[in-house]
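First up is the structure itself, then whatever we jot down about it.
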Amino acid sequence: MTSDANVTRGWDKLSSTLTRLGRPEAQPEGTPVNMALTRGSTVLFPTLNDMRHQGQKRFDHAYIYGAMGTPVQHELEKAIAVIEGGSDCQVVSSGLAACTTPLLAFLNAGDHCLLPDSVYSPTRRFAENVLKRFGVETTYYPPCASAETLTGLMQPNTRVLFSESPGSHTFEVQDVPMLARVAHAHGARLMMDNTWGFGIFAPFTHGVDVSIQALTKYPSGHSDVIAGAVTVAKAEDWHLLRDTAIQLGQLAGPDDCWLTLRGLHTMGVRLSHQARSAMQVAHWLKDRPEVARILHPAFPECPGHEIWKRDFTGAGSLFGFVLKDTFSQSAMEAMIDSLKLFGIGASWGGYESLVLPTSKGITRNFPADEAEGPSMRLQIGLESPDDLIADLEQGLSVLKAHA
Ligand SMILES: *Cc1c(COP(=O)(O)O)cnc(C)c1O
């Protein structure tokens with residue numbers, strides 16, 4: 001059994017750093033704790049020469065024009081780069097834009113890209129529509145594919161191997177160091193959607209070239225911001241990414257960046273608490289006769305559990321579970337409708353608990369072999385885990401009544 005320390009270690013280690021990041025430099029006359037919020041499109045310069053000079057610094061977090069980011073966006077970018085352990089970061093308008101912007105930056109017409117079958121479905125839709133229209137071909141691979149299988153799927157024009165670990169809805173943990181070896185042996189970049197592992201998975205020490213974050217989730221943490229971030233391992237990739245983001249008009253508003261910076265300061269304690277509560281709820285569910293399987297990387301039955309133990313320093317607030325196949329989809333939906341403390345809605349990573357069904361409407365090219373019961377996904381918030389368990393207990397009685 002995984003102890004609480006294994007799911008909270010990384011959060012506890014990060015907490016002191018999180019309280020220091022993105023704060024103003026100390027001034028002799030006194031310094032506010034938090035950064036000022038600067039809103040602005042136009043920036044005025046004393047002379048044309050000053051304006052031209054500042055314009056050359058678009059790769060250095062300079063304040064040139066609002067569309068190239070404001071000071072608070074640039075502080076957020078520096079903070080994310082520190083947490084991810086990368087060279088440079090570009091903040092964009094959403095987590096989805098954080099997936100699409102680097103794909104547009106690092107792929108050209110005629111290129112090939114590999115996506116895990118467990119990828120976040122809007123990323124899949126982008127590949128099927130926009131990338132396809134612009135002449136990029138995509139192949140899907142099983143998220144737990146071996147190095148041999150992946151090597152067999154690489155083509156001479158494969159330029160991006162994409163990873164998402166754990167996978168959306170199905171939670172497969174991927175062997176990222178192996179993916180990096182395969183990608184790099186074929187001259188491709190490894191791009192990873194690291195939203196679940198933010199702060200507890202160090203993408204760049206495991207060989208990732210481009211790490212993607214939905215800041216909407218843990219960093220902002222209060223379900224009131226949509227924003228994303230793209231961080232690169234190496235300065236060589238920074239100019240192309242930054243130039244592409246500027247050409248696409250990608251940025252996040254100063255208010256959203258400020259709220260995200262504020263959320264970052266408390267992320268360690270929020271997520272440490274939420275990761276522990278999620279474990280308590282998951283352990284309770286595992287012992288219930290109605291439940292077939294827990295989809296949480298810290299549980300041995302989750303595909304890739306051993307890799308999670310090797311590569312992650314903690315766990316997050318989001319996991320799934322599968323009901324026994326004697327229960328119908330409609331019985332599960334009645335259970336979901338009966339829950340009082342779990343909101344029904346998209347997204348996760350906020351302070352409040354959420355539930356969504358996951359057994360219908362997800363696209364997979366390689367569906368699981370065995371027939372399984374209906375499944376759902378839980379986001380565990382800051383409520384008392386005992387109250388959440390009591391809510392699930394009454395929900396399971398509704399499930400059984402519909403069986
Ligand atoms: C939510 C999510 C996104 C998209 O984030 P938005 O800010 O909602 O666009 C991307 N990837 C993963 C894994 C997510 O969970």
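Position 1 is the first residue of the sequence, and the numbers go up from there. Since the structure is predicted, the reported quantities are computational estimates derived from the model, not experimental observations. Remember, it's 1-based here, ligands and their atoms both numbered in the order they're listed.
With ring centers used as reference points, Phe327 lies 6.0 Å or more from His402. Aromatic ring centres of Phe201 and His206 lie closer together than 6.0 Å.
For Arg310, the CZ atom sits in a packed shell: over 12 heavy atoms of surrounding residues, nucleotides or ligands are nearer than 6.0 Å.
A donor atom on one side chain and an acceptor atom on the other are not found under 3.5 Å apart for Gln90 and Thr101. Thr231 and Gln213 share no side-chain donor-acceptor pair at under 3.5 Å.
By the 6.0 Å and 45° rule, Arg377 does not stack over the aromatic ring of Phe171.
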Which N/O atoms of ligand 1 sit under 3.5 Å from a protein N/O, and at what distances?
| unit_1 | atom_1 | unit_2 | atom_2 | d |
| --- | --- | --- | --- | --- |
| ligand 1 | 7 (O) | Gly95 | N | 2.8 |
| ligand 1 | 7 (O) | Thr216 | OG1 | 2.5 |
| ligand 1 | 9 (O) | Gly95 | N | 3.2 |
| ligand 1 | 9 (O) | Leu96 | N | 2.9 |
| ligand 1 | 11 (N) | Asp193 | OD2 | 2.6 |
| ligand 1 | 15 (O) | Lys217 | NZ | 2.7 |
| ligand 1 | 15 (O) | Trp348 | NE1 | 3.1 |

